[in-house]
Peer 1: 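For reference, the structure I am asking about is given below.
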Amino acid sequence: MRESIDLLRHLIIVVCIVATGAVSLWGAARFLIVNAPAKSDIIVVVAGQNGIGRLRKALDLFQQGYAKQILLDVNTDLRVYGFPRAQLAEEFVAHISGTAAGKVHVCPIRGESTFEEAAHVDKCVSQYSARSVLLVTSDYHTRRALATFMRILPGYHWSVAASEDSAEFGKNWWEHREWAKQTVTEWSRIIWWEAVDRWRAPPT
C-alpha cells in the first residue's frame with residue numbers, strides 16, 4: 001500500500017514538472033513582451049534593425065496624443081552604403097509631413113547594446129525638460145529595454161509600447177524558425193542583463 005502511495009506521489013511530481021516545463025516553453029515568447037504605453041512628455045524610439053517599423057509605431061502613438069515630441073535613437077558609429085546612418089536619419093525626419101512635422105528629432109547614440117544606449121539618451125531627453133518617457137521598440141525587446149532604461153535612468157517615469165513585425169517575431173515561437181531564433185536570442189540577452197549588466201556601473 002505504501003509503495004503505491006509513494007509511486008503515485010512520484011508520478012504527481014513528474015507530471016507537475018512536465019506541466020511546468022510545457023507552460024514555460026509555451027509562454028517563452030509571451031514573457032518577453034510588455035506593451036503598456038502611457039501618455040508621456042516624449043517618445044523615444046529605441047535604436048535597432050527595424051528602425052522604420054518602430055518609428056511608424058511611434059508616429060501612430062503621437063497621432064493618438066501619447067506625447068508631443070519624438071526622439072529617434074540613431075547610432076553614429078554605423079554607416080549605410082558609405083553614409084553615416086545619423087545623417088540619413090536627419091534627412092528622413094526632415095521630410096516627415098503632417099502634424100508630426102518638426103516634432104521628430106534624431107538622438108545620436110553610440111555603442112551596440114541597450115545598456116550603452118540608455119546612457120546617451122539622457123542627454124537628448126533632458127533638452128526637452130521631459131520627466132516621463134514612452135519607449136517604442138520591437139515587441140520581443142520591450143521587457144529588457146524597459147528594465148534597462150529604468151535601471152540606468154531612474155529619474156524618469158518610463159513606459160513602453162511594442163512594435164510588431166511578423167517577419168521577425170511572434171508569440172507562438174515554434175511556428176516559424178525566425179521567431180524561434182529571436183526568442184532564444186532575446187532570452188540569452190535577458191539572462192546576460194540579469195546576471196551581468198544590471199550590476200555594472202552605467203557607462204559614461
Side-chain angles (χ1 to χ4, degrees), residues 17 20-38 40 42-51 53-54 57-58 71-79 85-86 89 106-126 130-165 168-174 176-204:
I17 292 173
T20 300
V23 170
S24 297
L25 284 173
W26 175 83
R30 287 170 169 78
F31 177 81
L32 301 174
I33 305 169
V34 179
N35 188 29
S40 304
I42 199 164
I43 293 171
V44 169
V45 182
V46 181
Q49 294 283 337
N50 190 11
R54 297 178 184 187
K57 178 67 176 182
L71 286 177
L72 176 63
D73 289 357
V74 180
N75 195 315
T76 58
D77 296 330
L78 300 179
R79 301 177 74 87
R85 195 165 183 172
V106 171
C107 176
I109 64 163
R110 301 190 70 179
E112 298 182 354
S113 70
T114 306
F115 182 76
E116 295 170 306
E117 177 179 354
H120 292 280
V121 167
D122 186 33
K123 300 172 186 176
C124 297
V125 172
S126 61
R131 302 312 306 164
S132 56
V133 184
L134 170 55
L135 296 171
V136 175
T137 189
S138 299
D139 45 6
Y140 58 84
H141 183 229
T142 48
R143 182 174 295 278
R144 181 166 57 91
L146 182 60
T148 303
F149 278 86
M150 289 177 66
R151 161 71 176 83
I152 303 301
L153 301 173
Y156 299 97
H157 179 268
W158 298 95
S159 63
V160 67
S163 172
E164 299 179 359
D165 183 351
E168 281 191 314
F169 180 75
K171 294 178 181 178
N172 296 339
W173 58 266
W174 57 88
H176 297 281
R177 180 182 177 185
E178 191 62 32
W179 297 0
K181 283 172 55 181
Q182 199 66 263
T183 299
V184 171
T185 299
E186 185 58 26
W187 264 101
S188 69
R189 290 172 176 167
I190 280 187
I191 291 170
W192 182 263
W193 158 252
E194 294 291 347
V196 180
D197 281 348
R198 179 184 287 276
W199 314 107
R200 291 169 54 196
T204 57

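In this text the structure is predicted, and so the values were computed from the model without any measurement.
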Peer 1: Rounded at 0.5 Å granularity, tell me how far OG1 in Thr183 sits from CZ in Arg30.
Peer 2: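 One gets 10.5 Å once the value is rounded to the nearest 0.5 Å.
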Peer 1: According to side chain to side chain donor-acceptor pair (under 3.5 Å), who are the partners of Thr185, at least two apart in sequence or on a separate chain?
Peer 2: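 If we apply the side chain to side chain donor-acceptor pair (under 3.5 Å) test to Thr185, skipping adjacent residues, there are no hits.
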Peer 1: Whether the Asn35 and Arg143 side chains hold a donor-acceptor pair (N or O, under 3.5 Å, no angle test) is what I'd like checked.
Peer 2: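 Not at all, the side chains of Asn35 and Arg143 share no donor-acceptor pair under 3.5 Å.
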Peer 1: Got a second to check how far Glu168's CD is from Asp139's CG, nearest 0.5 Å?
Peer 2: 8.0 Å
Peer 1: First locate atom CH2 of Trp173, then atom CD of Gln182, and finally report the distance between them rounded to the nearest 0.5 Å.
Peer 2: 14.0 Å
Peer 1: Show the nearest heavy-atom pair for residues Leu134 and Ser159, with the distance to one decimal.
Peer 2: CD1-OG, 3.2 Å
Peer 1: For the residue pair Trp158 and Phe149, categorise the inter-ring angle as parallel (less than 30°), tilted (30 to 60°) or perpendicular (more than 60°).
Peer 2: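 Tilted, since the angle between the ring planes falls between 30° and 60°.
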Peer 1: Taking only residues two or more places apart in sequence or in another chain, which ones pass salt bridge (charged side-chain N to carboxylate O under 4.0 Å, His left out) with Arg198?
Peer 2: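 So Arg198 forms a salt bridge (charged side-chain N to carboxylate O under 4.0 Å, His left out) with Glu194.
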Peer 1: Please give me the minimum heavy-atom distance between His120 and Pro108, naming the atom from each residue.
Peer 2: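 Answer, listing the atom of His120 first, then Pro108: CB-O, 4.3 Å.
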Peer 1: Would you give the length of the straight line joining atom OG of Ser113 to atom CZ of Arg144, rounded to the nearest 0.5 angstrom?
Peer 2: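 Rounded to the nearest 0.5 Å, the OG-CZ separation comes to 8.5 Å.
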Peer 1: Using side chain to side chain contact (heavy atoms under 4.5 Å, CB included) as the criterion, point out the one residue from Glu164, Glu186, Lys171 that pairs with Tyr140.
Peer 2: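 By the side chain to side chain contact (heavy atoms under 4.5 Å, CB included) criterion, Tyr140 pairs with just one of Glu164, Glu186, Lys171: Glu186.
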Peer 1: Could you go through Ser40 and Val133, starting from their C-alpha distance and side-chain angles, then the distance that decides it, and tell me whether this counts as side chain to side chain contact (heavy atoms under 4.5 Å, CB included)?
Peer 2: CA-CA 5 Å; Ser40 304; Val133 184; 5.6 Å; no
Peer 1: What's the separation between atom OG1 in Thr114 and atom CD in Glu117, rounded to the nearest 0.5 Å?
Peer 2: 6.0 Å
Peer 1: Give me the atom names and distance for the closest heavy-atom approach of Leu135 to Ala145.
Peer 2: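 Scanning both residues, the minimum pair turns out to be CD1-O, 4.0 Å.
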Peer 1: What distance do Ile43 atom CD1 and Leu72 atom CG have between them, rounded to the nearest 0.5 Å?
Peer 2: 11.5 Å
Peer 1: Per the side chain to side chain contact (heavy atoms under 4.5 Å, CB included) rule, which among Leu146, Val44, Val160 passes with Thr137?
Peer 2: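 The residue from Leu146, Val44, Val160 that satisfies side chain to side chain contact (heavy atoms under 4.5 Å, CB included) with Thr137 turns out to be Val160.
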Peer 1: Testing the basics here: between Ala162 and Lys57, what is the closest heavy-atom pair and its distance to 0.1 Å?
Peer 2: O-CE, 3.4 Å
Peer 1: Could you go through the side chain to side chain contact (heavy atoms under 4.5 Å, CB included) check for Thr148 and Asp197 one step at a time?
Peer 2: CA-CA 9 Å; Thr148 303; Asp197 281 348; over 6 Å; no
Peer 1: Can Phe169 and Ile33 be said to form a side chain to side chain contact (heavy atoms under 4.5 Å, CB included), step by step?
Peer 2: CA-CA 11 Å; Phe169 180 75; Ile33 305 169; 3.7 Å; yes
Peer 1: Quick one: does any side-chain atom of Thr142 pair with a main-chain N or O of Val34 as donor and acceptor, under 3.5 Å?
Peer 2: yes
Peer 1: Quick one: does Ile190's side chain get under 4.5 Å of Leu32's, heavy atoms only?
Peer 2: yes
Peer 1: Would you find a donor on one side and an acceptor on the other, under 3.5 Å apart, between the side chain of Ser163 and the backbone of Gly53?
Peer 2: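 Yes.
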Peer 1: How close do Ile109 and Ala47 get, heavy atom to heavy atom, and via which atoms?
Peer 2: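 In terms of heavy atoms, the two residues are closest at CD1-CB, 3.7 Å.
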